[in-house]
Amino acid sequence: MLDKKVLDRKRLFKEVRDYFMVSVGTLIYSIGVVLFMLPYQLTTGGVAGISSLILYATGLEFQVSYAALNILFLVCAARIVGLNFCIKSLFGFGSITMWISLLQPLCEDPVTHQLPQLLGNELFMACVLSGILEGIGLGICFYHNGSTGGTDIIIAAINKYKDISLGQIMMFCDIIVVSSSYLIFQDPQRVIFGFILLIVAAMTLDYFTRKLCQAVEFKVFSRNYSAIADRIAKEGFGVTVLSGEGWYTKSERNVVTCVCSKRYAEKIMRAIQSVDPFCFVSVTSVLGVYGEGFSNMKVKVKKQKPIIVFATNNKNKLSEVRSILGDRFEVRSLKDVGCNAELPETHDTLEDNAMEKARYINHYYGFDCFADDTGLEVEALGGAPGVYSARYANIPDDEYSDPEAGNDHDSEANMRKLLHKLDGNDNRKARFRTSIALIYQGKEHFFEGTVNGSILTEKHGTEGFGYDPIFMPEGYDKSFAELGSDIKNHISHRALATEKLAAFLLGSKGGKDKTKDR
């Protein structure tokens, strides 16, 4: 079972680190504004550009108008862009406001209360240095998932409803802001220098971001591939072994592959050399690496149904759940996400088994997901087979032995054992209970569905799966296997739990946070 506390600590550490680095980025950005942009009356894009124009035209302090405009935009767009974006934007522009408020008194002349022109009359150099510092600051912020607010808020709000390129919106806003400086100075050169500052900042941002994200890929060809793979993994890096064939020798040649940030390349090389200094190694630069441990994919895709993984490959379960959810979600199976592993089920309750499987998929594959565990609970058997329903025939029992029992999911053998256990017993009350564990946006939830009924004395019907042919739901005179999928998918235990799941995902009530439900 995955240690949730460890995962939570890692998430918390990453979040704290991101906020710290955003603070560093906004400090560098603010230095560029205070030391080189404002003293030379230069203009940049976005809200920073608007605030600089207000300063030049009215004398109102930059940080005052900067904070006020950002707050105004945020209030107007808060419901559209979401709480998380609002918090990060508030922190970003709040940091810039704070840094500029601290830096201005430190840098300005105590007599004239004006910011000094450190480069004399070198307006072009001031423009370049301001652009470089602003680009580096923004690069650090964006790399650590931060937002500096400003026109980002407007862009995020517009882009949520209109299929317009983010770059196009930003460029349009910046052109208007920089061009407006002509209305104040009546000087075309100021406009030109403003665009130069924008271009330098954009190029620096692009270059700096590429450097931060630069990665290398190792391909190692060695007969000692397993030891090399183990050594690289021990250093804390992901590693994959690919099957290959040496075409000259026509013999098997497995290839060890590993992708890491460029700063770790030497560490990987030392690990490889310590195992096999004579192996063949290919090292190539990678244009971009996306996924866990690297950058997120930041491309716009067409609006689509939300994806959620159902942690099963059971075709009957998938069909039943997809029928219940209809076209509201794209439900993917384990096979659909490339998981061929046998999911762990090491607990003695349905809830814990379901959550264990959900955590496994969420941790190793990254998707929001849900997993279920279902048990048939027979009153006369003290709730058995319960959590062992799928492998009931294989549970050791001194009173019963079935030589024809197959694997753990042998439905026929399970039914034979259950009918044998109830032979001659008048109390045939039973219930099917399904527990669904959902991990959604980092939080855990449970949903439960129960249907009461009774165990028949023999099988009836050919549809369904599991114990369906011998279970008759309360209020009906037919088994699940006789009712047909349309009726069963409406009244079954899994249907009831899945409907609660769907209601929760659509924003309705129906699910409980794990900490409150357990």
Side-chain angles (χ1 to χ4, degrees), residues 22 25-26 28-58 60 62-74 76-77 81 85 89 92-93 95-97 99-100 123-124 126-143 146-159 164-185 187-209 298:
V22 168
T26 54
I28 296 172
Y29 180 89
S30 300
I31 291 172
V33 171
V34 172
L35 293 186
F36 302 109
M37 190 181 88
L38 297 183
Y40 288 88
Q41 295 187 318
L42 295 168
T43 305
T44 186
V47 171
I50 297 172
S51 298
S52 66
L53 292 176
I54 293 173
L55 169 66
Y56 306 147
T58 68
L60 181 66
F62 177 92
Q63 61 269 29
V64 175
S65 58
Y66 183 80
L69 287 171
N70 273 292
I71 291 171
L72 176 63
F73 291 155
L74 205 58
C76 294
V81 298
F85 184 87
S89 297
F93 74 73
S95 297
I96 292 175
T97 303
W99 289 128
I100 291 178
L123 187 60
F124 178 76
C127 181
V128 171
L129 288 174
S130 179
I132 290 173
L133 288 171
E134 290 178 20
I136 292 173
L138 291 175
I140 293 173
C141 288
F142 295 159
Y143 182 74
S147 169
T148 55
T151 50
D152 288 357
I153 300 170
I154 302 173
I155 291 167
I158 294 174
N159 193 248
I164 303 174
S165 165
L166 296 177
Q168 289 176 354
I169 302 172
M170 186 174 290
M171 183 177 66
F172 182 72
C173 292
D174 290 345
I175 287 173
I176 292 176
V177 172
V178 174
S179 299
S180 299
S181 64
Y182 183 79
L183 300 175
I184 297 173
F185 299 109
D187 183 0
Q189 280 192 342
R190 295 282 177 181
V191 179
I192 294 171
F193 280 122
F195 283 117
I196 292 174
L197 195 158
L198 269 179
I199 293 169
V200 172
M203 292 176 65
T204 303
L205 172 61
D206 186 51
Y207 176 81
F208 189 74
T209 304
K298 297 175 182 177

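Cys141 places a side-chain heavy atom less than 4.5 Å from the side chain of Thr26. Counting only heavy atoms from C-beta outward, the side chains of Phe195 and Ser179 approach each other to under 4.5 Å. Counting heavy atoms from C-beta on, the side chains of Leu123 and Gln41 never come closer than 4.5 Å. Side-chain contact between Phe62 and Ile54 is absent, with no heavy-atom pair separated by less than 4.5 Å. When side chains are defined from C-beta on, Tyr29 counts as touching Ile96, because their heavy atoms get closer than 4.5 Å. Two residues are said to be in side-chain contact when any heavy atoms from C-beta on lie closer than 4.5 Å; Thr44 and Leu198 meet this criterion. Between Val33 and Leu133 the shortest side-chain heavy-atom distance does not fall below 4.5 Å. At least one side-chain heavy atom of Ser51 sits under 4.5 Å from a side-chain heavy atom of Leu69.
The minimum heavy-atom distance between Ser52 and Met37, with the atom names listed, is CB-CE, 3.9 Å. Across Ile196 and Cys127, no two heavy atoms sit closer than the pair CG2-SG, 3.6 Å. Across all non-hydrogen atoms, the minimal contact from Phe36 to Ala126 is CB-O, 3.6 Å. Taking each heavy atom of Ser180 and Leu53 in turn, the nearest pair found is CB-CD1, 3.8 Å. Looking at every heavy atom in both residues, Thr43 comes nearest to Gly49 through CG2-O, 3.9 Å.
Counting only distance, with no hydrogens or angles, the side chain of Ser181 and the backbone of Val178 share a donor-acceptor pair below 3.5 Å. With Thr204 contributing its side chain and Val200 its backbone, the two residues share a donor-acceptor pair below 3.5 Å.
To the nearest 0.5 Å, the span separating CD on Glu134 from CD1 on Ile28 amounts to 12.0 Å. Rounding to the nearest 0.5 angstrom, the gap separating the OG atom in Ser30 from the CG atom in Leu38 is 10.0 Å. Atom CD1 of Ile132 sits about 13.0 Å away from atom CG of Leu205, to the nearest 0.5 Å. Rounding to the nearest 0.5 Å gives a distance of 10.5 Å between CZ of Phe124 and CG of Leu197.
Using cut-offs of 30° and 60° on the angle between ring planes, the pair Tyr56 and Phe185 is tilted.
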